[in-house]
Engineer: 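One structure follows; several queries about it will come next.
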Amino acid sequence: MIKVEGLTKRYGSTEAVKNISFEVDKGEIVGFLGPNGAGKTTTMRVLTCFLPPTEGAASIAGFDVLSETLEVKRRIGYLPETPPLYSEMSVCDYLEFVARLKGINSVDVASRVDTVIDRCNLGDFRQKLNGQLSKGYRQRVGLAQALIHDPEVLVLDEPTAGLDPKQIIEVRQLISNLSGDHTVILSTHILPEVSTTCGRVIIINEGRIEASDTPENLTARLQGHDSIWLELDGPTDQVESKLAVVPGVEQVTLADERSGRSAWQVQADKDPSVRTALAKAVIDAGWGLFEVRSVGLSLEDIFLKLTDSDPLLDYDSDETDDSEVDEGTSSK
Ligand SMILES: Nc1ncnc2c1ncn2[C@@H]1O[C@H](COP(=O)(O)OP(=O)(O)OP(=O)(O)O)[C@@H](O)[C@H]1O
Ligand SMILES: [Mg+2]
């Protein structure tokens, strides 16, 4: 349904997106995950015909974004990073205006507006001026305008940005309900977003795709690695170097420090003997040991590893156990 082939986008000398390719099947909800400046918005603006590609191509339902703009726009709903709402218009008037702009029949406009107002929980705000809405409600109106023509494909740039926790849950639910009938690509740098709503994650960093897989498979790929939580009292400036030389340890990070006690996050090989060796190193140094336990790798650790400019883990490394990975869902 969405196809991107060898897409490169340059702004002057800045190469924001570097030769990326991916596909999203009908009915899929895909999370486009990456840190600030990764190229998420740029890719979405190309997909929605707001920016032409510098090189490569992109298509929606087989229609090219460059040469078949009208066909693409008919099939796509776009929630931009900052929804451009006319501040002097009421929510209801604005949605009617967008509905007409998108070519909805006059007889259907009122019912479509009612449907999206209901879906985005905007019932109490129909007559409110856009300019008087809080950020969260502006975001909902942005989502409502993206849904107004019931498009096959939704491109949502950070759909939950600026929402309070209750609204976040509602919007995630709304997006989940769209799966099956609609194809959704949403961008985020918030991990819970992808693990709760998306069937697949595309991790993008510095304009390149680092990984594309289900959240479960990404976690499975790192089964050979572990994250260990260690609490001790010892001189903070000496602990890191002492722990870093323990065999099997890859990285030591200070997680917390208060009243002489410090907590450390240790990335290591998945081998229980590493924990024993860490405990021994602490005792031998004459420090107090409060806790040492395996916490496992979260999607967050994976994201940090994959977007680290000097990654500890080579994603394509032969050491990585791919045996449990369903090749059918991996487009890397
Ligand atoms: N209009 C522009 N002119 C020049 N450079 C731009 C422009 N828009 C984006 N960039 C650059 O392109 C790169 C990718 O930006 P983009 O907005 O696509 O990132 P993003 O992944 O959406 O980031 P964020 O999470 O902060 O929204 C950045 O280096 C950014 O500075
Ligand atoms: Mg962005």
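Values in this document were obtained by computation on a predicted structure and should not be read as measured data. Whatever order the structure lists ligands and atoms in, that order sets their numbers, starting from 1.
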Engineer: Heavy atom of M44 under 4.0 Å from ligand 1?
Structural biologist: no
Engineer: At less than 2.8 Å, would any N/O/S atom of S187, backbone or side chain, sit next to the Mg ion (ligand 2)?
Structural biologist: no
Engineer: Could you tell me whether atom 7 (C) of ligand 1 has at least one protein heavy atom nearer than 4.0 Å?
Structural biologist: yes
Engineer: With only distance considered, is G37 within less than 3.5 Å of ligand 1 through an N or O on each side?
Structural biologist: yes
Engineer: Before signing off on this row, confirm whether T14 and ligand 1 have an N or O atom pair separated by under 3.5 Å.
Structural biologist: no
Engineer: Applying a strict 4.0 Å limit to heavy atoms, is R45 in contact with ligand 1?
Structural biologist: no
Engineer: Work out which heavy atom in S212 is nearest to a heavy atom in I202; give both atom names and the distance.
Structural biologist: OG-CG1, 3.9 Å
Engineer: Under 2.8 Å from the Mg ion (ligand 2) - does any N, O or S atom of D157 fall there?
Structural biologist: no
Engineer: Measuring from non-hydrogen atoms of G39 to any atom of ligand 1, is the shortest distance under 4.0 Å?
Structural biologist: yes
Engineer: Among the N/O/S atoms of E81, which is closest to the Mg ion (ligand 2)? Give the atom name.
Structural biologist: OE2
Engineer: Which class fits the ring pair Y86 and Y94: parallel under 30°, tilted 30 to 60°, perpendicular over 60°?
Structural biologist: perpendicular
Engineer: Considering all protein heavy atoms, does one lie under 4.0 Å from atom 31 (O) of ligand 1?
Structural biologist: no
Engineer: Any donor-acceptor pair under 3.5 Å linking the side-chain atoms of S227 with those of Q265?
Structural biologist: yes
